[in-house]
Amino acid sequence: MYRASRKIKTAHGTIITPFFMPDATRASVRGVAREHILAAGISEMVVNTYHLMLQPGMDVIRRVGGVHALMGWERPLLSDSGGYQVYSLIHKNARLGAIVEEGARFRSVVDGSQHLLTPEKSISIQADLGVDMMVVLDDPRPNTASYDDIAAAVERTIRWAARCRRAYAAQARTRGWTQQTRPKLFAVIQGGPYAELRARCAQGLIDVAQRIDDGFGNMHWDGMGFGGRHIDAQGNLMEDALAQTASLIPKTSLAFALGIGTPEDIVRCVRMGWEMFDCVIPTREGRHGRAFLWAHDARERIAQFLTTGTYTPFYNYVNVRTATHRTDMRTLRVPTQRGETTYTYAYVHHLLKVNDPLGSAILARHNLAFYAQLMHMLRAAVV
RNA sequence: GGGUCGGUGGCAGAGUGGUCAAAUGCACCAGACUGUAAAUCUGGCGACUUACGUCUACGGGGGUUCAAAUCCCUCCCGGCCCA
């Protein structure tokens with residue numbers, strides 16, 4: 001069952017669960033300015049260790065005083081460890097990298113240069129980024145990998161989590177973090193499609209937290225995520241896996257469903273107990289011409305699903321690129337700093353057709369507002 | 001008026017006797033996208049047909065040939081050169 005809404009204090013403000021973070025992988029949500037992110041009702045974003053260490057590079061990040069300063073963003077940020085990027089690179093093209101016990105060896109997609117991202121280095125980089133929430137380096141595997149391969153990745157993920165936790169404690173000393181200012185530390189559960197491996201991974205990670213001091217005497221992870229891919233070959237949410245994994249996460253830790261998802265997936269996951277999400281869907285789909293739209297009685301349908309488990313579709317998904325919108329003068333709501341404005345479908349359709357980034361940006365902003373509203377409804381429903 | 005080069009699918013542009021319903025790009029019509037190597041990728045794109053397939057097509061008309069977008073004749077149209 002869902003977890004009640006709770007507040008998390010960070011150095012850049014208080015977060016209320018459940019919440020959704022758009023991916024600002026390279027320190028920007030592609031094409032959407034920070035004032036438009038805020039206007040959409042979004043207060044947290046995810047940046048990426050892998051991308052930022054390559055560009056602009058940690059030398060620049062340190063000199064400008066961190067990624068908040070670089071972006072001019074005053075709200076909470078989470079950095080992903082880079083594990084997923086290395087996984088993505090390696091599994092799409094084995095020449096681009098390899099996992100070794102020391103860490104993830106990979107070639108930069110920016111300039112082809114070779115790098116070794118270790119658990120310690122990932123934590124150090126994330127500390128330099130200055131984010132409010134950081135994630136341990138993990139070893140994701142495709143769900144199609146062999147049982148033995150995934151089992152080995154689970155054990156490695158646990159060992160790497162232990163190294164990350166020690167590195168975190170060392171950073172805490174060096175940088176003088178306090179219990180109030182320190183970034184939250186998230187572990188990541190692997191195990192893919194195998195329930196016993198997920199359980200083993202979760203228990204292994206919990207043991208690590210109890211065994212290794214984070215520098216503040218905490219005996220738990222601030223958050224625990226579920227990594228890898230949670231979508232089957234048909235594009236459906238792996239509900240059993242997500243439900244089981246949510247149940248493995250102690251209430252002392254925030255439950256973070258990495259990379260999820262569609263509005264429906266998020267609602268389903270919140271019911272299972274997941275509390276935080278990040279995904280490219282609202283922005284990528286927007287960039288590619290899709291808009292999420294509320295169905296009638298969406299709020300009631302969501303509330304009904306949370307209490308009874310009976311799911312009724314609560315939104316529509318429209319492709320504004322299709323010819324039907326060429327002269328469609330109905331309007332699409334887009335958030336602004338002073339409330340809201342509207343654009344006609346016909347205009348957005350035209351902008352998309354002429355490849356003006358404005359069309360993509362309008363839809364991304366619209367979809368971000370949709371996701372923010374969704375999370376607002378969910379917060380109200382899980383009191 | 002003479003010469004010359006050329007007219008190919010919505011556009012640009014290959015092809016110069018058979019494997020051509022015609023490369024490729026763009027446009028167009030759809031689809032995909034879930035810790036962003038994604039302003040990316042996939043499919044369709046003459047007509048009819050679920051499909052096998054059938055028909056009509058490379059400016060118009062007429063020939064040669066078993067077979068023509070490709071060769072010949074003629075007409076129409078366009079560029080350039082000469083008068």
Side-chain angles (χ1 to χ4, degrees), chain A residues 20-32 44-52 54-55 78-93 95-97 106-112 122 126 133-140 143 157 186-190 223-238 242 256-266 268-269 274 276-290 292 317 319-326 349 351-364 367 371:
Chain A
F20 174 85
M21 300 170 281
D23 290 320
T25 303
R26 296 185 291 197
S28 85
V29 174
R30 285 183 217 283
V32 184
E44 300 84 23
M45 293 192 265
V46 173
V47 298
N48 195 277
T49 299
Y50 167 83
H51 293 275
L52 294 178
L54 297 178
Q55 215 171 21
L78 177 145
S79 54
D80 195 6
S81 64
Y84 186 82
Q85 281 59 50
V86 176
Y87 146 81
S88 177
L89 290 174
I90 293 174
H91 296 292
K92 283 176 188 169
N93 183 351
R95 291 175 43 198
L96 288 175
F106 64 89
R107 275 183 190 282
S108 162
V109 295
V110 177
D111 62 6
S122 179
Q126 294 184 73
M133 296 168 274
M134 54 176 67
V135 176
V136 300
L137 187 68
D138 60 334
D139 183 10
N143 291 326
T157 291
F186 287 70
V188 181
I189 299 167
Q190 293 297 340
M224 292 181 75
F226 183 24
R229 281 202 154 232
H230 330 282
I231 309 300
D232 67 21
Q234 286 72 47
N236 296 314
L237 194 68
M238 292 162 60
L242 278 152
F256 178 15
L258 287 85
I260 289 181
T262 65
E264 177 178 342
D265 292 346
I266 287 177
R268 289 186 182 281
C269 285
W274 294 101
M276 49 193 285
F277 304 88
D278 79 295
C279 196
V280 303
I281 282 181
T283 49
R284 181 184 287 168
E285 297 282 325
R287 198 161 59 247
H288 295 171
R290 262 63 169 209
F292 291 98
Y317 176 65
N319 184 355
V320 184
R321 290 192 81 100
T322 57
T324 52
H325 297 105
R326 205 171 307 167
H349 173 87
L351 293 172
L352 292 166
K353 286 300 212 178
V354 299
N355 297 318
D356 190 318
L358 178 59
S360 295
I362 287 170
L363 289 177
N367 289 343
Y371 268 66

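Chain letters run A, B, ... following the sequence lines, proteins first, then strands; residues in each count from 1.
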*Under 3.5 Å: donor-acceptor pair, side chain of A:Thr49, backbone of A:Asp80*: yes
_Nearest-angstrom distance, P atom, B:G63 to B:C58_ = 16 Å
*Distance between C1' atoms of B:C26 and B:G44 (Å, rounded)*: 16 Å
_Pairing nucleotide - B:A14, Watson-Crick or G-U, each distance under 3.5 Å_ = none
_Could you tell me the Watson-Crick or G-U partner of B:C20, where both distances fall under 3.5 Å? Say none if there is no partner._
none
*Could you work out the separation of B:A21 and B:A69 based on their P atoms and round it to a whole Å?*
9 Å
_Pair assignment for B:C52, Watson-Crick or G-U wobble, requiring both distances under 3.5 Å_ = none
*Looking at residues at least two apart in the chain, or sitting in another chain, which of them share a side-chain hydrogen bond (donor to acceptor under 3.5 Å, both in side chains) with A:Ser81?*
none
*Say you pick atom P in B:U70 and the same atom in B:G60; how far apart are they, in whole Å?*
11 Å
*Distance, C1' atom - from B:A27 to B:C45, rounded to whole angstrom*: 11 Å
*A:Leu78 and A:Phe256: side-chain contact (heavy atoms from CB on, under 4.5 Å), yes or no, with the steps?*
CA-CA 11 Å; A:Leu78 177 145; A:Phe256 178 15; 3.7 Å; yes
*What string of B, S and - do you get for nucleotides 34-44 of chain B, 5' to 3', if B is base contact, S is sugar-phosphate-only contact and - is no contact with any protein heavy atom under 4.0 Å?*
BBBBBSB----
*Select from A:Gln234 and A:His349 the residue whose nearest nucleotide in RNA chain B is closer to the 5' end of that strand.*
A:His349
*Could you check A:Tyr50, A:Tyr84, A:Tyr87 and say which one makes a ring pair (Phe, Tyr, Trp, His ring centres under 6.0 Å) with A:Phe106?*
A:Tyr50
*In whole angstroms, how far is the C1' atom of B:A27 from the CZ atom of A:Arg321?*
12 Å
_Test item: side-chain donor near acceptor, A:Asp138 and A:Gln190, under 3.5 Å_ = yes
*asked:* Taking B:C5 as the reference, what is the distance to B:U74 when you measure between their P atoms (whole Å, please)?
replied: 15 Å
*asked:* Pairing check on B:C80: which nucleotide meets the Watson-Crick or G-U wobble criteria with it, both distances under 3.5 Å?
replied: B:G3
*Under 3.5 Å on both distances, the Watson-Crick or G-U partner of B:C29*: B:G43
*Quantified in whole Å, what is the P atom distance between nucleotide B:A32 and nucleotide B:G15?*
39 Å
_C1' spacing across the pair B:C11 / B:C28, given as an integer number of angstrom_ = 11 Å
*Base, sugar-phosphate, or nothing: which does A:Arg326 touch, judged by heavy atoms less than 4.0 Å apart?*
sugar-phosphate
*asked:* Could you go through A:Asn367 and A:Glu285, starting from their C-alpha distance and side-chain angles, then the distance that decides it, and tell me whether this counts as side-chain hydrogen bond (donor to acceptor under 3.5 Å, both in side chains)?
replied: CA-CA 8 Å; A:Asn367 289 343; A:Glu285 297 282 325; over 6 Å; no
_Enclosure of A:Arg321 CZ (heavy-atom neighbours >12, cutoff 6.0 Å)_ = yes
